[in-house]
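First the structure, in the form of structure tokens, and then the observations on it.
Just so we're on the same page: letters track the sequence lines, and every chain starts at 1.
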Amino acid sequence: MPELPEVEVTRLSFAFDIAGAIIISVRMGKSLRWPLGCCPAQLAGRSVLAVRRRGKYLLVDLDHGLLLVHLGMSGSLSFARRLPPAGAHDHFEMVTTQGTLRLTDPRRFGAVVYADSEDAPQARKLLGKLGMEPLSDVFDVDRFHAALKRRKAAIKQVLLAGDVVVGVGNIYASEALFMAGIRPTLSAGRLSRPRSVKLHAAIGDVLARAVAKGGSTLRNFSSANGDSGHFQLEAMVYARQGQPCRVCGTSIKTLRQGQRSTFYCPHCQKA
DNA sequence: AAAAGCCCCTGGATGC
DNA sequence: TGCATCCAGGGGCTTT
């Protein structure tokens with residue numbers, strides 16, 4: 001489910017409530033992407049200072065060390081005073097004085113990794129190569145254009161790679177390219193400056209709107225406090241192959257790029 | 001250095 | 001109804 005907006009909405013839904021909590025116990029299944037990286041028992045007694053986000057990672061700051069949480073493809077977090085009994089897909093649980101944080105993830109591409117600090121090797125491995133935060137001031141249009149200039153790969157795949165700009169997943173990559181009128185297969189280095197500017201704006205725009213709407217998704221997305229449903233951002237192209245473009249009526253096309261589906265309008269995105 | 005493939009895993013939809 | 005196949009919102013790792 002989660003691209004940047006869903007991760008950010010998840011963060012906002014429990015960051016305030018968990019801040020200041022003291023960890024009572026941590027339970028970790030062996031079945032997520034990586035092992036926790038420390039003994040769960042040694043986290044007991046530490047307190048939760050804050051929850052930040054970097055790309056699609058949530059960083060749970062403790063008074064010593066931090067947890068890196070990733071939702072993978074199918075993960076979601078719950079945080080509440082009381083949660084229903086754990087099910088087969090609940091792989092991580094952290095009981096605190098203010099509630100229990102639980103990661104539910106059927107496909108188990110998600111992860112919870114402990115690191116002593118953001119500079120520790122376990123954290124650097126995951127965060128070290130991440131690109132600019134699209135909703136922050138560091139997402140500078142000059143740096144964006146310059147970074148694209150250095151790349152020959154298709155613009156869609158450069159966006160997905162996350163080393164230029166983070167948080168743009170498979171849905172929003174297609175949506176942003178549509179908004180900017182750019183063909184997903186175009187080599188990133190061939191984007192003119194005006195088109196880079198347009199894409200830069202489109203990325204910020206589509207992500208900010210999705211966050212404002214509470215995390216857009218095609219299927220049900222629910223944040224850590226259980227809110228879900230009513231928000232739904234209408235996709236212009238994603239998963240709309242064969243349907244008429246909402247702007248010009250041309251049939252939306254799909255293709256595969258790096259084993260992921262891409263959607264675009266052949267008329268609105270000519271090159 | 002950058003690009004392209006591979007793979008991790010389960011579940012739902014579709015087709016025979 | 002049963003079974004096979006394909007596809008899914010990610011990204012680290014290995015190989016070119």
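- Closest contact between the side chain of A:Arg151 and the listed nucleotides B:dT10, C:dG12, B:dA2 involves B:dA2.
- Regarding A:Asn170, its CG atom lies at a distance of 12 Å from the C1' atom of C:dC7, rounded to whole Å.
- Annotation: C:dC3 and B:dC9 have their P atoms spaced 23 Å apart (nearest Å).
- Ring-to-base geometry places A:Phe109 in a stacked arrangement with C:dG10 (centre distance under 5.5 Å, plane angle under 30°).
- A sub-4.0 Å separation between OP1 or OP2 of C:dG12 and a side-chain N or O of A:Lys129 is absent.
- Protein atom CH2 of A:Trp34 is 10 Å distant from nucleotide atom C1' of B:dC8, rounded to whole Å.
- Note: CD (A:Gln257) to C1' (C:dA8) measures 17 Å, nearest angstrom.
- No engagement by A:Ser31 is indicated, since no non-hydrogen atom pair under 4.0 Å with the nucleic acid exists.
- With hydrogens and angles ignored, no donor-acceptor pair closer than 3.5 Å exists between the side chain of A:Arg150 and the base of B:dA1.
- Nucleic acid contact class of A:Arg33 (heavy atoms, under 4.0 Å, all strands): base.
- Using a 4.0 Å heavy-atom distance criterion, A:Gly258 is classed as making no nucleic acid contact.
- Nearest-nucleotide mapping onto DNA chain B: of A:Gln259 and A:His89, the residue sitting toward the 5' end is A:Gln259.
- Among the atoms of the strands shown, base atoms are found under 4.0 Å from some heavy atom of A:Arg260.
- Below the 3.5 angstrom threshold, one finds a donor paired with an acceptor across the side chain of A:Arg107 and the base of B:dC9.
- Salt bridge A:Asp63/A:Arg46: absent, no basic N to carboxylate O contact under 4.0 Å.
- Using N1 to N3 plus N6-O4 or O6-N4 for Watson-Crick, or N1-O2 and O6-N3 for G-U wobble, each under 3.5 Å, B:dC8 pairs with C:dG10.
- Distances were taken from every side-chain heavy atom of A:Ala153 (C-beta onward) to each of B:dT10, C:dC13, B:dA3; the shortest belongs to B:dA3.
- Out of C:dG10, B:dT10, C:dG12, the shortest distance to the side chain of A:Lys56 is found at C:dG10.
- When the side-chain nitrogen and oxygen atoms of A:Tyr57 are compared with OP1 and OP2 of C:dG12, one or more of them lie within a distance under 4.0 Å.
- Rounded to whole Å, the distance from NZ on A:Lys156 to P on C:dG11 is 13 Å.
- Rounded to an integer number of Å, the gap from A:Gln122 CD to C:dG12 P is 15 Å.
- Looking at A:Thr262 and A:Arg256, their side chains never bring a donor and an acceptor atom within 3.5 Å of each other.
- Put simply, A:Ser261 has a side-chain N or O that comes within less than 4.0 Å of OP1 or OP2 on C:dA8.
- Considering only side-chain N and O atoms, A:His70 lies under 4.0 angstrom from the phosphate OP1 or OP2 of C:dG11.
- Rounded to whole Å, the distance from CZ on A:Arg54 to P on C:dG10 is 16 Å.
- Distances shown here put a side-chain N or O of A:Arg256 below 4.0 Å from the OP1 or OP2 atom of C:dA8.
- Relative orientation of the A:Phe144 and A:His200 rings is tilted, given thresholds of 30° and 60° on the angle between their planes.
- Here A:Asp205 does not pair with A:Lys198 in a salt bridge; the nearest charged N to carboxylate O distance is not below 4.0 Å.
- One N or O on the side chain of A:Arg53 and one on the backbone of A:Gly55 form a donor-acceptor pair closer than 3.5 Å.
- If you take CG of A:Leu160 and C1' of C:dG10, they are 9 Å apart, rounded to a whole angstrom.
- Following rounding to the nearest Å, A:Asp105 (CG) and B:dT10 (P) show an atom-to-atom distance of 11 Å.
- A donor and an acceptor atom, one from each side chain of A:Tyr172 and A:Asn170, are nowhere located under 3.5 Å apart.
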